[in-house]
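Read the structure below first, then the notes.
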There are 2 protein chains.
Amino acid sequence: MNDIKDFFAASGCKMTKQRKAILEILMDSRTCLSAEEIFIKAKNINPNICLTTVYRTIELLASYRMLNKIDIGDNKYRYEINSNTHYHHIICMGCKKMFKVQGCPVPDFESSIRAQTKFKIIGHRLEVYGYCPECQGTV
Amino acid sequence: MNDIKDFFAASGCKMTKQRKAILEILMDSRTCLSAEEIFIKAKNINPNICLTTVYRTIELLASYRMLNKIDIGDNKYRYEINSNTHYHHIICMGCKKMFKVQGCPVPDFESSIRAQTKFKIIGHRLEVYGYCPECQGTV
DNA sequence: CTCTATCTGCAAATTGTTTGCATTTACATT
DNA sequence: AATGTAAATGCAAACAATTTGCAGATAGAG
Ligand SMILES: [Mn+2]
Ligand SMILES: [Mn+2]
Ligand SMILES: [Zn+2]
Ligand SMILES: [Zn+2]
């Protein structure tokens, strides 16, 4: 958190109560959260924060690559702190729960992509879909 | 196209002018298209088609796994015919152009996921980000 | 403590997508 | 070919997520 404070200062961004609240929420959460969910939690800390600020903060954090933006196909994004550890999610198509999975097969694939496209590769997004143990019987 | 017609008939769906137009557009396009883009093209074929029909047709096709829904992080989906060949996209963070890349590293990863989560794996979504040759200089 | 660029809240606008309903249409059946 | 009917369409309106404009508040440098 102090690192972030320093990083903000160095970038000419101010560390406001609102941003602190949002960061705290994101850092404490072990699931990823929608803007609305962040907003609701943030109101417990700072009752007159508004959704606009949440969106603006998300955008700011994402622009510094401090957040991951996750899409599960329901027209809204969810966000989580971009920890330095790299992982992906598996999403249950039954109950929509998400779980982290460790490891990533993409780096091994990158040289093939480079050969095919001459792109400079920066990152990737990978989500795996399926049915969780509880939902396997019921579908 | 006749296969699709038969498939629709067998499913109790009607093959309407609108659906035919949308399918034709999707099958002819080598890029993926947003609902709006499909709508605009469809109006050339059938001037009084409406966006609602485009959305309903997309949903129908997707429910039969005939379409892929692609998210590039800008709050709207794009769609493309789900050909039987499996591939992913690389997206330029500069000019937003997308290109197909062949091959997929995910299947090799699935046994690890199964071991970690006991999920029954159905599918996945993978997009790679970077800068295309033209945009590498300019950023 | 002062000053000012940055940030915030509020309200309103935008954008993408979905829904309700009256009318039309595809197509199976006569 | 005419008929009947479930399924599909167009339109308008509703929704939901996100964005924008602006006037007032605040962080933090000096
Ligand atoms: Mn990865
Ligand atoms: Mn794949
Ligand atoms: Zn589940
Ligand atoms: Zn480019």
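Order of the sequence lines sets the chain letters (A, B, ...), proteins ahead of strands, with each chain counted from 1.
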What's the verdict on ring-ring contact (aromatic ring centres under 6.0 Å, His included) for H124(B) and H89(A), showing C-alpha distance, side-chain angles and the deciding distance?
-> CA-CA 10 Å; H124(B) 59 268; H89(A) 288 103; over 10 Å; no

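- Counting to the nearest Å, the P atom of dT18(C) and the CZ atom of F39(B) are 16 Å from each other.
- Atoms CD1 and CD, on I90(A) and E110(B) in that order, are 8.5 Å from each other to the nearest 0.5 Å.
- Between the side chains of Q116(A) and S112(A), a donor-acceptor pair is found at a separation under 3.5 Å.
- Atom-to-atom distance recorded for L23(B):CG and L61(B):CG is 5.0 Å, nearest 0.5 angstrom.
- Within the cation-pi definition used here (under 6.0 Å to the ring centroid, within 45° of the axis), K69(B) qualifies as a partner of Y77(B).
- Remark: S34(A) is not in phosphate contact with dA17(D), judged by side-chain N or O atoms under 4.0 Å from OP1 or OP2.
- I70(B) has its CD1 atom 17 Å from the C1' atom of dG16(C), to the nearest Å.
- The salt bridge (charged side-chain N to carboxylate O under 4.0 Å, His left out) search around D74(B) returns R78(B), not counting sequence neighbours.
- For Y64(B), the side chain to side chain contact (heavy atoms under 4.5 Å, CB included) test picks out F7(B), S11(B), C13(B), L60(B), M66(B), with sequence neighbours left out.
- Between L51(B) and T16(B), the one whose closest nucleotide on DNA chain C sits nearer the 5' end is L51(B).
- Regarding contacts with the backbone of dA26(C), every side-chain N or O of Q18(B) stays at 4.0 angstrom or more from both OP1 and OP2.
- One can place CG of D74(B) at 13 Å from P of dT15(C), the figure rounded to the nearest angstrom.
- A straight line from CG of N46(A) to C1' of dA25(D) spans 13 Å, rounded to a whole angstrom.
- Residue K17(A) has its side chain nearest to dA27(D) when only dA27(D), dA8(D), dA26(C) are considered.
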Start with the C-alpha distance between E127(A) and I72(A), add both sets of side-chain angles, then the distance that settles side chain to side chain contact (heavy atoms under 4.5 Å, CB included), and finish with yes or no.
-> CA-CA 8 Å; E127(A) 287 114 30; I72(A) 69 171; 5.9 Å; no

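- Atoms CG (L33(A)) and P (dT18(D)) sit 13 Å apart, rounded to a whole Å.
- Rounding to whole angstrom units, CG of residue L60(B) and P of dT17(C) are separated by 17 Å.
- When each of dG9(C), dT17(C), dT9(D) is scored by its nearest atom to the side-chain atoms of K76(B), the top-ranked nucleotide is dT17(C).
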If you restrict it to nitrogen or oxygen atoms, what contacts under 3.5 Å exist between nucleotides 1-6 of chain D and the protein, and what is each distance?
| residue | atom | partner | partner atom | Å |
| --- | --- | --- | --- | --- |
| dA6(D) | N3 | K14(B) | NZ | 3.1 |

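- Atom pair K20(A):NZ and dA27(D):P shows a separation of 9 Å (rounding to whole Å applied).
- Distance from the side chain of Y55(B) is smallest for dT18(C) among the nucleotides dT18(C), dC7(C), dT19(D).
- Between F8(A) atom CZ and dG28(D) atom P there is a gap of 10 Å when expressed in whole angstrom units.
- Between C13(B) and E59(B), the residue whose closest nucleotide on DNA chain C is further toward the 5' end is E59(B).
- Scanning all heavy atoms of the two residues, the minimum distance from C92(B) to C132(B) falls at SG-N, 3.4 Å.
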List the steps, then state whether side chain to side chain contact (heavy atoms under 4.5 Å, CB included) holds for V101(B) with F119(A).
-> CA-CA 11 Å; V101(B) 291; F119(A) 262 61; over 6 Å; no

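- T52(B) is linked by a side chain to side chain donor-acceptor pair (under 3.5 Å) to nothing, counting only residues two or more places apart in sequence or in another chain.
- Two end axes, each from the C1' atoms of five base pairs, can be drawn for the helix from dC1(C)-dG30(D) to dT30(C)-dA1(D); they diverge by 40°, to 10 degrees.
- Judged by distance alone, the side chain of R125(A) and the main-chain N or O of V128(B) form no donor-acceptor pair under 3.5 Å.
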Scan nucleotides 10-13 of chain C against the protein and return all N/O pairs shorter than 3.5 Å with their distances rounded to 0.1 Å.
| residue | atom | partner | partner atom | Å |
| --- | --- | --- | --- | --- |
| dA11(C) | N6 | T52(A) | OG1 | 3.4 |

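- Residue-level contact check: E36(A) touches neither bases nor backbone, having no heavy atom under 4.0 Å from any strand.
- Considering only side-chain N and O atoms, T53(A) lies under 4.0 angstrom from the phosphate OP1 or OP2 of dG9(C).
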